[in-house]
Amino acid sequence: MTERQPFDLAAYLDGIGTRPCFICRCVGNDPDFFHHRVYEDADTIIFLSKYPTLQGYCLVCPREHREDLSQHLTKTEYLRLQELVYVLSRVLKKMFDAERIYVLSLGSRQANSHLHFHVVPLPEGVPLAEQQYHALMVENGVLCIDDDEMANMARRVGAALMAELANKEDGSAASQIPI
């Protein structure tokens, strides 16, 4: 298991309330908001969390700044995002031998307002007391994953995701799974 390092939650909370939208800046290739990209198309970007609490922790986001899934997305846009969440979940489950995939949307008008979905694989064997919210809370530390390892992980997850999406488009068994 990768070592954990303490996370300065107070500094993070202070920063997210005053800085520009990190997703929009990531989409715009601002080097100060760099994240390791897993996948992107005209509408969506998927990248690894900069503060992962579990291996393979990804964020799935619309490229365009949208804040409220019930008001700012069409049904078609929402379903496309959820399709990518679903396919990514299948990939992460296989790659990280996950017992469960956690999916949640966080943020508010006050901070991290750009709509995004956290998709996080919980590996087999994590004790119950360290699962669920505990597994996702940065207060319990974030994983120390060096930049090369993050880049490699993003490439591997991205390649597996592209293969799964290609299988789906080819009409293979993966596409027979109802969404």
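If you read the sequence from its start, that first residue is 1, and numbering goes on from there. We use all heavy atoms of the structure for the numbers below, so side chains are in, but hydrogens, waters and symmetry mates are not.
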Among the clusters formed by ILVMFWY side chains lying less than 4.5 Å apart, do [X] and [Y] turn up in the same one?
X: Leu13; Y: Phe22; answer: no
X: Val157; Y: Met162; answer: yes
X: Leu73; Y: Leu79; answer: yes
X: Val103; Y: Met95; answer: yes
X: Val138; Y: Ile23; answer: no

Looking at [Y], is its backbone amide N or carbonyl O close enough to the side chain of [X] to form a donor-acceptor pair, meaning the two atoms are under 3.5 Å apart?
X: Gln110; Y: Gly17; value: no
X: His72; Y: Glu67; value: yes
X: Glu77; Y: Thr74; value: yes
X: Thr53; Y: Met137; value: no
X: Lys50; Y: Phe34; value: yes

Let me confirm one number: the [atom1]-[atom2] distance from [X] to [Y], rounded to the nearest 0.5 Å.
X: Ile101; Y: Lys93; atom1: CD1; atom2: NZ; answer: 6.0 Å
X: Asp97; Y: Glu124; atom1: CG; atom2: CD; answer: 5.5 Å
X: Lys94; Y: Glu164; atom1: NZ; atom2: CD; answer: 4.0 Å
X: Leu115; Y: Leu69; atom1: CG; atom2: CG; answer: 5.5 Å
X: His116; Y: Ser49; atom1: NE2; atom2: OG; answer: 9.0 Å
X: Leu143; Y: Leu54; atom1: CG; atom2: CG; answer: 6.5 Å

query = Just wondering, do Tyr78 and Arg66 contact through their side chains at under 4.5 Å, heavy atoms?
reply =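 In short, these two side chains do not touch, never coming nearer than 4.5 Å.
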key: 4.5 Å side-chain heavy-atom contact, Pro62 and His114   = yes
If you look at every heavy atom in [X] and [Y], which pair is closest and at what distance?
X: Arg37; Y: Asn29; result: NH2-OD1, 2.8 Å
X: Ile45; Y: Arg63; result: N-CG, 4.0 Å
X: Ile145; Y: Gln55; result: CD1-NE2, 3.9 Å
X: Ser70; Y: Asp68; result: OG-OD1, 2.6 Å
X: Val85; Y: Phe117; result: CG2-CB, 4.1 Å
X: Asn140; Y: Arg4; result: O-CD, 3.5 Å

ask   = Using 4.0 Å as the upper bound for N to carboxylate O, is an ion pair formed by Glu83 and Arg80?
value = yes
request  = Quickly, which of Leu48, Val142, Leu136 forms a side chain to side chain contact (heavy atoms under 4.5 Å, CB included) with Tyr57? Name it, please.
outcome  = Leu136
request  = Anything under 30° is parallel, anything over 60° is perpendicular, the rest tilted; go ahead and classify Phe47 against His35.
outcome  = tilted
ask   = After noting the C-alpha distance and the side-chain angles of Glu99 and Gln131, does the key distance pass the side chain to side chain contact (heavy atoms under 4.5 Å, CB included) rule?
value = CA-CA 10 Å; Glu99 171 182 328; Gln131 294 179 14; 4.0 Å; yes
task = Please determine, by modelled atom types, if Gln132 and His134 share a side-chain donor-acceptor pair under 3.5 angstrom.
result = no
inquiry  = Whether the Tyr102 and His118 side chains hold a donor-acceptor pair (N or O, under 3.5 Å, no angle test) is what I'd like checked.
reply    = no
request  = Apply side chain to side chain contact (heavy atoms under 4.5 Å, CB included) to Val87 and Leu165, showing your working.
outcome  = CA-CA 7 Å; Val87 176; Leu165 290 170; 3.9 Å; yes
ask   = If you count the non-hydrogen atoms of other residues, nucleotides and ligands that lie under 6.0 Å from CD in Gln5, is the total more than 12?
value = yes
